[in-house]
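Here the structure is a predicted model, which means the values were calculated and not measured. Numbered from 1 within each chain, the chains take letters A, B, ... in sequence-line order.
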2 protein chains.
Amino acid sequence: MDDKPANGRSGGWKQDPAGVRKNILAVAMAEFAANGLSGARIDEIAAKTSTSKRMIYYYFGDKEGLYRRVLEEAYREVRAGEQELELDHVPPVEALKLLAEFTFDHHSRHPDFIRLVMIENIHHGAYLERSELIRPLNAGAVQKLETICRRGREVGVFREDVTPLQLHWHISAMSFFNVSNRTSFSHIFGTDLFSAGGQEALKKQMVEMVVGLALKPHRRSRGSAESRRHFRGDTK
Amino acid sequence: MDDKPANGRSGGWKQDPAGVRKNILAVAMAEFAANGLSGARIDEIAAKTSTSKRMIYYYFGDKEGLYRRVLEEAYREVRAGEQELELDHVPPVEALKLLAEFTFDHHSRHPDFIRLVMIENIHHGAYLERSELIRPLNAGAVQKLETICRRGREVGVFREDVTPLQLHWHISAMSFFNVSNRTSFSHIFGTDLFSAGGQEALKKQMVEMVVGLALKPHRRSRGSAESRRHFRGDTK
DNA sequence: ACCACTTTGTACAAACCGGTTAATTTGCTA
DNA sequence: TAGCAAATTAACCGGTTTGTACAAAGTGGT
């Protein structure tokens, strides 16, 4: 029927599968992180790549496939950074402190990753479930804490009734929230907490709180009866 | 052309603008919280109301208008519940403790609100910005803390270098994260932390940490040099 | 009885958007 | 250098979804 194929101009182009995939993944990660799963637009992603929409489907099948690969890639990147932390030769309290500080900074440096996790949680972890890549990453973080806690208890300075998982929870909460809720918080309360100094202060306080929780409570030589009571946590 | 108007059956109905708006808002809040802004479907919302899609546009203009009203309503509800807390007649340390506990439970009881805030943050607070209603609502939460801190410092038990806003930040972080990241966390680490007992333990620890941060550090009669050093926070 | 506001219904346009069809180019290799 | 699979381009499709137009009528206050 078509006597004139009218193909696109036969401009030269190079084959570069790996590069194209990488390019798509990078753009998609930014888009998904910025707009969420249903908020991100395939056409928009395509427009921002150096290739075309068709290639996205060629390499990733469909939108969910792309999203899943983006998730895995994000976890891989973050995980790689986390492995570098070496704590075995440090005394336990110092190790806990370093780990907490590192987590705080690490999350701060990977806002896109945080946003992807937020999105995952909004979607009830539907896509997380299908990826076996993700569980071990977080497990690694807790493993570090388990070692620290064991050593700390052996030396006799750590409490017995605070578990590594709980510590991980508290550290994660403050480090994660610090990134995830930055927008709404700074909009309501101003940006003081997010200046360089503000962040340093928050981090220091977070570390102090976590270490304080892990350490055995010491008898205090002075201080009001009230404050001491609260420190032991016996309310009723 | 149409000789037969064929209007809807002339069944009796009552006028109830307030009720209709309320009904729409409630359904929309659940839908937006469950699916996000772009994930929620107007038709789906309409189907779940006791009225029609037409009324949504009649009262709210468009999807964004509806979303904005939902946001404001959510903030209003949550803050209204928060106002009930009366702390002025309680000693400062106890007041701080009660406020922290309350916040933890309150967030836990309003997961939809948490989800809406998550969604807002993913959207970079674009809709929050347009609402002048929301800022003052949140400011109220910190005002309570300011009062508590002032009283605590007057009595001499609170540190001077920990601000009410920082305390609010830490309390919010742990209370918010406890709901927002429940899915991914429990998927990775199991559900122990979310059993009744697990939640009680987390809450108690959170309160202990916050109170511990606010209180003046006391000299310790015994304890390793290491642990004491870390308590003062002087690293380098 | 008037009149503005509220409610009901349906059908539909117009945009949006995920996904596909088909043709063409590249580059390897036999 | 012909053949062929992988890579790439551009145009297109059809379902979905937002939002509207139109038409009619009930409600309630004054």
Side-chain angles (χ1 to χ4, degrees), chain A residues 1-25 27-28 31-32 34-70 119 123 126-127, chain B residues 1-28 31-32 34-70 123 126-127:
Chain A
M1 314 308 176
D2 317 317
D3 51 358
K4 198 100 49 88
N7 64 317
R9 59 214 142 298
S10 351
W13 49 269
K14 279 276 185 79
Q15 284 190 185
D16 182 17
V20 168
R21 284 180 74 103
K22 204 170 147 187
N23 178 227
I24 292 175
L25 270 182
V27 172
E31 281 297 300
F32 280 127
N35 304 102
L37 173 51
S38 42
R41 300 287 164 237
I42 290 279
D43 286 307
E44 188 65 21
I45 294 173
K48 290 183 179 172
T49 60
S50 50
T51 157
S52 68
K53 178 162 78 157
R54 185 62 187 82
M55 299 297 346
I56 294 174
Y57 289 97
Y58 183 69
Y59 281 121
F60 299 97
D62 59 6
K63 195 180 185 182
E64 287 197 7
L66 176 60
Y67 176 71
R68 227 171 303 139
R69 287 301 316 274
V70 163
I119 292 164
H123 288 265
Y127 303 92
Chain B
M1 314 306 177
D2 318 315
D3 50 359
K4 200 98 48 88
N7 64 316
R9 61 212 143 297
S10 347
W13 49 270
K14 280 274 185 79
Q15 278 193 186
D16 182 16
V20 168
R21 286 178 73 103
K22 204 170 147 188
N23 177 229
I24 293 175
L25 272 181
V27 172
E31 282 296 302
F32 280 128
N35 305 101
L37 172 52
S38 41
R41 301 285 167 240
I42 290 279
D43 286 308
E44 187 65 21
I45 294 172
K48 289 183 179 171
T49 60
S50 50
T51 162
S52 66
K53 178 164 79 159
R54 187 65 191 79
M55 299 280 26
I56 295 176
Y57 287 98
Y58 183 67
Y59 279 121
F60 299 97
D62 58 6
K63 194 181 184 181
E64 286 198 6
L66 177 60
Y67 176 71
R68 226 173 304 139
R69 287 302 315 272
V70 162
H123 288 266
Y127 303 92

Between [N] ([atom2]) and [X] ([atom1]): distance, integer Å:
X: B:Asp43; N: C:dT10; atom1: CG; atom2: C1'; result: 13 Å
X: B:Tyr58; N: C:dT6; atom1: OH; atom2: C1'; result: 5 Å
X: B:Leu37; N: D:dT18; atom1: CG; atom2: P; result: 10 Å
X: A:Arg21; N: D:dA6; atom1: CZ; atom2: C1'; result: 13 Å
X: A:Glu44; N: C:dC17; atom1: CD; atom2: C1'; result: 12 Å
X: B:Arg41; N: D:dG19; atom1: CZ; atom2: C1'; result: 14 Å
X: B:Ile24; N: C:dT6; atom1: CD1; atom2: C1'; result: 12 Å
X: A:Ile42; N: C:dC17; atom1: CD1; atom2: P; result: 11 Å

As a quick check of understanding, evaluate side-chain contact (heavy atoms from CB on, under 4.5 Å) for B:Val20 and B:Tyr58, giving each step before the final call. CA-CA 11 Å; B:Val20 168; B:Tyr58 183 67; over 6 Å; no

Just to be sure I understand the geometry, which residues of residues 45-57 of chain B put a non-hydrogen atom under 4.0 Å away from DNA chain D? B:Lys53, B:Arg54, B:Tyr57

Rounding to 0.5 Å, atoms CZ (A:Arg68) and OH (A:Tyr127) come to a distance of 8.0 Å

Mind checking the NZ-OH spacing from A:Lys63 to A:Tyr57? Nearest 0.5 Å is all I need. 8.0 Å

Aromatic ring pairing B:Tyr67/B:Phe32, orientation class (parallel under 30°, perpendicular over 60°, tilted between):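 Because their plane-to-plane angle is over 60°, the rings of B:Tyr67 and B:Phe32 count as perpendicular.
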
OP1 or OP2 of C:dT7 less than 4.0 angstrom from a side-chain nitrogen or oxygen of B:Tyr59, does that happen here? yes

Can I get a per-line list of side-chain donor-acceptor pairs under 3.5 Å for residues 40-51 of chain B, giving both atom names and the distance, sequence neighbours left out?
| residue | atom | partner | partner atom | Å |
| --- | --- | --- | --- | --- |
| B:Arg41 | NH1 | B:Ser38 | O | 2.9 |
| B:Asp43 | OD1 | B:Lys53 | NZ | 3.3 |
| B:Lys48 | NZ | B:Glu31 | OE2 | 2.7 |
| B:Thr49 | OG1 | B:Ala46 | O | 2.7 |
| B:Thr49 | OG1 | B:Thr51 | N | 3.2 |
| B:Thr49 | OG1 | B:Thr51 | O | 3.0 |
| B:Ser50 | OG | B:Asn23 | OD1 | 2.9 |

Find out whether the Lys NZ or Arg CZ of B:Arg21 is both under 6.0 angstrom from the six-membered ring centre of B:Phe60 and within 45° of the ring's axis. yes

Which of the following nucleotides, D:dA6, C:dT6, C:dG18, is nearest to the side chain of B:Pro17?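 The answer is C:dT6, which lies nearest to the side chain.
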
